[in-house]
Each structure stands twice: as structure tokens, then as C-alpha cells.
Amino acid sequence: TTPDEKSNPYPTWSTLLVTNWVKPRRWIEVEVKLGPSRVDLGAHNLLSMRSKLSDQVNAHCGALVVVVADSPTYVRPDGAIVTSVAALGP
């Protein structure tokens with residue numbers, strides 16, 4: 001569980017990031033998992049969280065991303081992007 005579970009209506013490790021440098025009002029949802037064996041759970045959590053948001057908010061979603069320690073970057077059939085932490089930058 002998250003440290004702030006009482007104040008968070010969606011107690012997962014997901015983080016919503018505002019990415020105004022990409023396009024105004026666009027956002028992405030990111031979940032970090034320790035390994036590839038947890039990718040399915042991470043994608044499930046992202047899709048579950050997104051289903052609870054309004055259509056107006058979802059219209060501005062840029063991506064659902066699962067970040068793991070070591071993985072090739074690919075797009076799952078459900079639309080979630082899987083990538084490694086190393087692919088995010090130097």
C-alpha cells in the first residue's frame with residue numbers, strides 16, 4: 001500500500017504527470033514496477049485508474065506507461081506502453 005493511502009482515492013503507485021512541454025493540457029499516467037513479471041498488474045492498474053476518469057479528462061491522456069527495471073520498449077495490445085527505466089534518459 002502507498003504511504004498516503006488514506007488521502008489517495010486510488011491507492012496504487014501510479015502517478016499522473018502534467019506534460020505541458022509536450023502539448024498544453026496533455027498528461028500521461030505512469031506506473032513503476034520492479035520487473036517484467038509485474039507488467040500485467042501495472043497495465044491493469046493504469047487501465048483501471050483511467051476507467052474512473054471522465055471522458056473529458058481521458059481525451060487529454062497522452063499515454064499509459066509501465067516502467068520496469070529491464071525491458072524492451074513495446075506497446076501492449078491494450079495500448080499501454082512498456083519500457084525500461086534506462087530508456088527514459090541518461
Side-chain angles (χ1 to χ4, degrees):
T1 61
T2 61
D4 63 339
E5 186 171 318
K6 291 181 182 178
S7 64
N8 183 356
Y10 307 108
T12 70
W13 291 101
S14 297
T15 304
L16 298 177
L17 302 173
V18 177
T19 56
N20 287 330
W21 49 270
V22 175
K23 274 190 171 179
R25 300 178 63 198
R26 298 290 286 177
W27 60 274
I28 62 173
E29 186 177 357
V30 177
E31 180 145 330
V32 178
K33 293 294 182 191
L34 292 177
S37 66
R38 308 296 280 175
V39 167
D40 287 338
L41 177 61
H44 171 77
N45 290 342
L46 294 171
L47 292 165
S48 177
M49 171 86 145
R50 188 170 182 191
S51 73
K52 295 173 180 156
L53 301 174
S54 71
D55 290 340
Q56 183 180 6
V57 172
N58 277 321
H60 297 287
C61 179
L64 304 176
V65 183
V66 180
V67 179
V68 294
D70 186 27
S71 173
T73 298
Y74 63 96
V75 179
R76 293 168 41 100
D78 58 16
I81 300 168
V82 179
T83 192
S84 72
V85 70
L88 299 178

I'd like to know if [Y] and [X] are part of one continuous hydrophobic network [Ile/Leu/Val/Met/Phe/Trp/Tyr, side-chain heavy atoms within less than 4.5 Å].
X: Ile28; Y: Val75; answer: yes
X: Leu88; Y: Val30; answer: yes
X: Val85; Y: Val32; answer: yes
X: Leu34; Y: Val67; answer: no

- Should Arg38 and Val68 be marked as a side-chain contact (heavy atoms from CB on, under 4.5 Å) after you check the CA-CA gap, both sets of side-chain angles, and the distance that decides it? CA-CA 8 Å; Arg38 308 296 280 175; Val68 294; over 6 Å; no

- Message: Run the side-chain contact (heavy atoms from CB on, under 4.5 Å) test on Val82 and Thr73 for me, step by step, so that the C-alpha distance in whole Å, both residues' side-chain angles and the decisive distance to 0.1 Å come before the verdict.
- Response: CA-CA 5 Å; Val82 179; Thr73 298; over 6 Å; no

- Message: If you apply the rule side-chain contact (heavy atoms from CB on, under 4.5 Å), what do you find for Arg50 with Cys61, and how did you get there?
- Response: CA-CA 9 Å; Arg50 188 170 182 191; Cys61 179; 3.8 Å; yes

Inter-residue atom distance [X].[atom1] - [Y].[atom2], 0.5 Å rounding:
X: Leu46; Y: Ser51; atom1: CG; atom2: OG; answer: 11.0 Å
X: Met49; Y: His44; atom1: CE; atom2: NE2; answer: 13.0 Å
X: Asn45; Y: Leu64; atom1: CG; atom2: CG; answer: 11.5 Å

- For Ala43 and Ala80, work out which heavy atoms get closest and say how close. CB-CB, 4.1 Å

- Give the intermediate values and the outcome of side-chain contact (heavy atoms from CB on, under 4.5 Å) for residues Arg76 and Ile81. CA-CA 6 Å; Arg76 293 168 41 100; Ile81 300 168; over 6 Å; no

- Examine distances only and state if a side-chain atom of Trp27 and a backbone atom of Asn58 form a donor-acceptor pair shorter than 3.5 Å. no

